[in-house]
Amino acid sequence: QVQLVESGGGLVQAGGSLRVSCAASGSILSVNAMGWYRQAPGKQRELVAVITTGGSTHYADSVKGRFTIGRDNAKNTVYLQMTSLKPEDTAVYYCNAAGVRTTSRLNGMDYWGKGTLVTVSS
């Protein structure tokens with residue numbers, strides 16, 4: 001019923017910039033928050049940044065000052081603008097939508113995208 005599709009991943013050199021985007025589709029009534037998580041090989045998935053419908057944001061300490069999260073509520077899209085990238089930023093980045101209400105399911109549910117790979121070379 002709800003699908004999240006990420007785009008924009010790829011290869012980039014250290015110090016460079018990259019923007020990943022995510023679009024949610026389906027019979028969506030509302031979304032409480034959308035965010036980005038990442039998972040490096042052999043590591044646990046971790047929160048990178050999150051933004052609420054009202055515009056409040058939260059960033060992991062490791063990306064503060066370098067990454068910016070934004071959203072378009074009308075289009076149910078979210079993006080992550082990454083600058084000053086470091087090799088340790090290399091990971092699969094997953095889009096998350098929390099508290100999603102649809103026409104067939106009024107209680108809030110969480111949905112995940114399939115992920116997009118970001119590789120930062122040294």
Side-chain angles (χ1 to χ4, degrees):
Q1 296 183 19
V2 176
Q3 294 183 356
L4 303 181
V5 180
E6 300 102 332
S7 62
L11 297 170
V12 63
Q13 294 186 22
S17 300
L18 197 66
R19 175 180 169 129
V20 291
S21 300
C22 173
S25 62
S27 301
I28 299 173
L29 296 175
S30 64
V31 180
N32 285 343
M34 297 188 74
W36 290 93
Y37 291 72
R38 67 185 181 186
Q39 186 169 23
K43 303 293 184 180
Q44 294 185 342
R45 187 175 299 185
E46 63 177 357
L47 174 69
V48 178
V50 63
I51 184 168
T52 68
T53 303
S56 299
T57 60
H58 171 76
Y59 297 90
D61 289 340
S62 60
V63 306
K64 286 182 178 178
R66 300 189 298 120
F67 292 8
T68 301
I69 188 170
R71 83 280 182 267
D72 185 329
N73 292 334
K75 297 180 179 180
N76 289 319
T77 60
V78 64
Y79 69 85
L80 186 68
Q81 183 67 50
M82 301 178 286
T83 62
S84 300
L85 284 163
K86 305 174 181 179
E88 50 263 44
D89 293 320
T90 296
V92 175
Y93 284 71
Y94 296 92
C95 177
N96 169 259
V100 182
R101 296 172 60 250
T102 66
T103 56
S104 61
R105 189 179 295 273
L106 298 180
N107 57 311
M109 299 291 289
D110 289 357
Y111 296 90
W112 293 87
K114 295 181 178 180
T116 185
L117 178 63
V118 173
T119 302
V120 184
S121 64
S122 60

**Request:** Only pairs at least two apart or in different chains count here, so list each disulfide bond (SG atoms under 2.5 Å apart) that has a residue in residues 23-88.
**Result:** none

**Item:** Where at least one partner belongs to residues 43-79, residue pairs that pass disulfide bond (SG atoms under 2.5 Å apart), sequence neighbours excluded
**Value:**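 Matches after skipping sequence neighbours: none remain.
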
**Prompt:** With side chains defined as the heavy atoms from C-beta onward, is the minimum distance between E6 and L4 less than 4.5 Å?
**Reply:** no

**Message:** Can you confirm whether M82 sits close enough to V20 that some side-chain heavy atom of one is under 4.5 Å from a side-chain heavy atom of the other?
**Reply:** yes

Spacing of [atom1] belonging to [X] relative to [atom2] belonging to [Y], to within rounding of 0.5 Å:
X	Y	atom1	atom2	answer
N96	Y111	CG	OH	11.5 Å
I69	Q81	CD1	CD	12.0 Å
L80	M34	CG	CE	12.0 Å

Just list the side-chain donor-acceptor pairs under 3.5 Å for residues 21-29, sequence neighbours left out, or say none.
none

Please collect all salt bridge (charged side-chain N to carboxylate O under 4.0 Å, His left out) contacts where either partner lies in [range], sequence neighbours excluded, each pair once.
range	answer
residues 94-113	none
residues 112-122	none
residues 30-49	R38-E46, R38-D89

**Item:** Contacts of T119 that satisfy side-chain contact (heavy atoms from CB on, under 4.5 Å) - sequence neighbours left out
**Value:** L11, T90, L117

**Asked** Partners of S104 by side-chain contact (heavy atoms from CB on, under 4.5 Å), sequence neighbours excluded?
**Response** Q1, T102

What are the two closest non-hydrogen atoms of [X] and [Y], and how far apart are they?
X	Y	answer
R66	S84	NH1-O, 3.0 Å
V118	G9	CG2-CA, 4.2 Å
A97	V31	CB-CG1, 4.3 Å
S122	P87	CB-CG, 4.0 Å

**Message:** List the residues meeting ring-ring contact (aromatic ring centres under 6.0 Å, His included) with Y37, not counting sequence neighbours, and say none if there are none.
**Reply:**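 ring-ring contact (aromatic ring centres under 6.0 Å, His included) list for Y37, sorted by chain: W112.
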
**Request:** Provide the full list of ring pair (Phe, Tyr, Trp, His ring centres under 6.0 Å) pairs with a residue in residues 48-74, sequence neighbours left out, each pair given once.
**Result:** none

**Message:** By the ring pair (Phe, Tyr, Trp, His ring centres under 6.0 Å) test, which pairs, at least two apart or in different chains, include something from residues 85-107?
**Reply:**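 Checked against ring pair (Phe, Tyr, Trp, His ring centres under 6.0 Å) - neighbours excluded - no pair reaches residues 85-107.
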
**Request:** For a side-chain contact (heavy atoms from CB on, under 4.5 Å) with V50, tell me which candidate from T52, L47, V48 qualifies.
**Result:** L47

**Prompt:** Do V63 and V78 belong together in a cluster built from hydrophobic side chains that touch within less than 4.5 Å?
**Reply:**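 Linked, V63 and V78 end up in one cluster.
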
**Asked** Apart from V5 itself, what residues make up its hydrophobic cluster when side-chain heavy atoms of I, L, V, M, F, W and Y under 4.5 Å apart count as a link, directly or indirectly?
**Response**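 None; V5 is a cluster of one.
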
**Prompt:** Counting only heavy atoms not in E88, do more than 12 fall under 6.0 Å of its CD?
**Reply:** yes

**Request:** Taking R19 for its side chain and G8 for its backbone only, find out whether a donor-acceptor pair lies under 3.5 Å.
**Result:** no

